Amino acid sequence: MRPARSRPRRAGARRGVVPPGPWPLENVLNALPGFRVKSDFGLFAGECALYRPKQVSKPTNFSEQPPSLPPRSPSVRAVSALRALHWREVSAIQEIWLCEGLCRSGMVSCAGDLLAVVVWVCFCGVRVDLRKVVKMVKICCLGAGYVGGPTMAVIALKCPAIEVVVVDISVVRIAAWNSDQLPIYEPGLDEVVKQCRGRNLFFSTDIEKHVSEADIIFVSVNTPTKTRGLGAGKAADLTYWESAARMIADVSKSDKIVVEKSTVPVKTAEAIEKILTHNSKGINFQILSNPEFLAEGTAIQDLFKPDRVLIGGRETSEGQKAVKALKDVYAHWVPEDRIITTNLWSAEISKLAANAFLAQRISSVNAISALCEATGADVTEVAYAVGRDSRIGPKFLNASVGFGGSCFQKDILNLVYICECNGLPEVAHYWKQVIKINDYQKSRFVNRVVASMFNTVSGKKIAVLGFAFKKDTGDTRETPAIDVCKGLLGDKAAISIYDPQVTEDQIQRDLAMNKFDWDHPLHLQPMSPTAVKQVSVTWDAYEATKGAHGVCILTEWDEFKTLDYQRIYDNMQKPAFVFDGRNIVNVDKLREIGFIVYSIGKPLDAWLKDMPAVA
Ligand code: UDX
Ligand code: UDX
């Protein structure tokens with residue numbers, strides 16, 4: 001397809017009016033009767049504005065008012081201009097589609113060029129159905145999970161001209177995405193999905209069809225930690241990724257950009273590239289690494305306003321073209337200075353390093369929390385004082401029962417394994433400590449509970465408030481609650497759990513599952529053994545705490561701050577204990593009520609001081 005700018009003038013075009021290409025928009029528009037182009041922002045940067053001086057008589061076909069040009073997106077501006085030109089041939093949605101298609105097809109490179117085409121077409125009375133020559137960009141995402149679902153929903157919302165299809169091998173998951181009960185709980189996600197589903201966002205199990213039709217394929221399938229064989233307990237198992245790559249190679253009939261969205265070990269792109277090119281049948285595949293930095297509970301916010309978008313690609317011209325194509329997608333709503341482009345390996349390492357740094361901060365403050373308890377310091381005060389140093393910053397310094405989530409541990413293990421494989425045992429050992437401190441923090445918490453309650457919890461009811469790995473999500477992957485509950489069950493406690501978003505089935509599965517088994521598609525997860533008998537799950541915090549000896553707060557849900565603790569105390573066995581693993585309760589108030597309170601890294605209750613030492 002020839003770029004529009006070099007298209008020859010058609011017969012029928014008024015001679016001398018439309019200058020021969022290349023066509024600076026300015027010349028084209030200024031050649032039109034009654035139109036002037038104000039180009040003080042630079043037309044080819046897309047910052048163009050049209051206006052029509054009042055004294056000039058209105059030309060037929062053109063609007064009275066200057067178009068209002070919304071900021072940033074070239075295509076949106078182009079659409080406004082199209083509308084203003086009363087180009088009635090196309091309906092609103094087609095206009096957008098058309099403009100995007102033109103830009104993306106390479107026929108035009110910016111709004112300025114696009115306007116030139118449109119004006120030329122209108123002015124010369126040429127009736128070209130541009131829909132026949134331009135193709136809408138199609139995106140397909142493999143894996144409709146916590147990452148794929150929200151990310152694609154936001155792309156669809158922000159890029160109405162792009163068709164986005166999310167595919168998954170799990171029929172149940174896709175059915176849920178197509179229902180009113182989405183498979184994941186994420187604030188703001190419902191509204192985004194409602195706005196785009198059926199318009200330019202689709203969920204399907206017809207994987208091969210949508211992969212073969214797509215221009216850009218995101219891959220966001222599971223990459224579990226290996227449980228056996230080489231690198232067991234550390235290395236990522238790329239089975240799902242590899243079969244995705246083979247399938248893509250198999251069904252593709254046109255060139256594709258394949259985007260790594262899953263967190264993967266460094267150099268995965270190279271392996272995937274090899275699989276694709278060795279099976280390609282002459283098709284050109286470009287691999288990009290575009291790691292996800294969204295955090296659950298704030299995923300939509302993070303996607304709307306990311307600190308940065310990172311795109312890694314090959315340094316060849318094809319690689320850079322692919323990087324630009326993906327950059328153009330994000331540029332619909334992300335300011336350009338927030339889109340970082342790097343080589344493939346830097347992008348892959350950055351993802352692992354970012355998560356390792358974040359987890360390291362938590363392990364650092366958690367290590368200090370143990371020292372605070374031993375010395376009478378208050379970890380919140382210490383963290384505040386430390387975080388006020390602008391070089392350190394205040395975020396991610398909340399001491400807790402330990403970090404959880406699908407990424408931190410897995411990514412650090414990955415990093416550790418990669419370091420070991422590259423002959424860097426000291427570096428591997430350094431990062432391993434972040435996980436060790438996290439494990440220590442969880443067992444320290446369990447020991448506190450048991451030690452405080454006369455060194456045994458056997459047969460005692462312990463209420464667990466919160467099971468998700470953090471608030472505002474129903475996700476329980478690697479939640480510290482699993483290890484804490486297992487620890488208490490090991491001491492024969494009877495546990496009663498309440499979490500506002502986690503189902504009984506999920507909790508039972510988590511407590512029965514082997515380490516690392518969670519990171520497989522739902523229907524491929526090993527069948528759980530029978531439910532753990534000493535565990536009951538309720539949908540009510542007061543029910544869970546009724547008759548309990550102790551309460552453990554394991555997730556920082558806001559509602560736990562405003563519970564009626566007097567009512568809880570009145571219905572508990574005495575002495576009544578609260579073990580706050582997230583430092584959210586008002587310790588003084590609870591002590592006034594009569595509770596014995598343990599808060600991570602805070603000066604100890606007199607009661608706890610007299611109890612056996614904690615490992
Ligand atoms: C996923 C991976 O788990 C994580 O390792 C990676 O870093 C990012 O992508 P997430 O979206 O949170 O993260 O995982 P999950 O919710 O488990 O979603 C993965 C989806 O992929 C599942 O719905 C699963 O059914 C699907 N899948 C998996 C496929 O469609 N095909 C496969 O071959 C494997
Ligand atoms: C993380 C990264 O933040 C995100 O950029 C990446 O894409 C995926 O991994 P996520 O796991 O969703 O996101 O949640 P995050 O907010 O990072 O919390 C992780 C864990 O750390 C949670 O268990 C949380 O409770 C804990 N945490 C966090 C603390 O214990 N203290 C803190 O100060 C912050």
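Every number for a ligand or one of its atoms is a count from 1 in the order of the listing. Since this is a predicted model, take the numbers as computed values, not measurements.
Between N366 and S400, the closest heavy-atom pair is OD1-N, 2.8 Å.
Atoms OG1 and CD, from T555 and Q501 in turn, are 11.5 Å apart once rounded to the nearest 0.5 Å.
Ligand-side atoms of ligand 1 in range of G143: 20 (C), 21 (O), 26 (C), range being under 4.0 angstrom from any heavy atom. Atom numbering of ligand 1 starts at 1 in the shown order; those under 4.0 Å from a heavy atom of Y240 are 33 (O), 34 (C). Listed by atom number, the atoms of ligand 1 under 4.0 Å from G145 heavy atoms are 11 (O), 15 (P), 16 (O), 18 (O). Listed by number with element, the atoms of ligand 1 under 4.0 angstrom from any heavy atom of S220 are 1 (C), 9 (O), 19 (C), 21 (O).
Around ligand 2, the residues contributing at least one heavy atom under 4.0 Å from the ligand are E292, F293, L294, A295, E296, K351, N355, L358, I362, F396, L397, N398, S400, F403, G404, C407, F408, F469, K470, R582.
Figure legend: K158 and F304 shown as a cation-pi pair, the cationic atom lying under 6.0 angstrom from the six-membered ring centre and within 45 degrees of its axis. Geometrically, R197 does not engage F202 in a cation-pi contact, judged by NZ or CZ lying under 6.0 Å from the ring centre and within 45° of the ring axis.
Within the 4.0 Å heavy-atom cutoff, L142 does not count among the residues contacting ligand 1.
Using modelled atom types and a 3.5 Å distance limit, the side chains of S406 and E478 yield no donor-acceptor pair.
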Contacts under 3.5 angstrom, residues 578-585 side chains, donor-acceptor by atom type, not counting sequence neighbours:
| unit_1 | atom_1 | unit_2 | atom_2 | d |
| --- | --- | --- | --- | --- |
| D580 | OD1 | R582 | N | 3.0 |
| D580 | OD1 | N583 | N | 2.9 |
| D580 | OD1 | I584 | N | 3.4 |
| D580 | OD2 | N583 | N | 3.3 |
| D580 | OD2 | I584 | N | 2.6 |
| D580 | OD2 | V585 | N | 2.9 |
| R582 | NE | L554 | O | 2.9 |
| R582 | NH2 | F469 | O | 3.1 |
| R582 | NH2 | L554 | O | 3.3 |
| N583 | OD1 | S599 | OG | 3.4 |
| N583 | OD1 | I600 | N | 2.9 |
| N583 | ND2 | I600 | O | 2.9 |

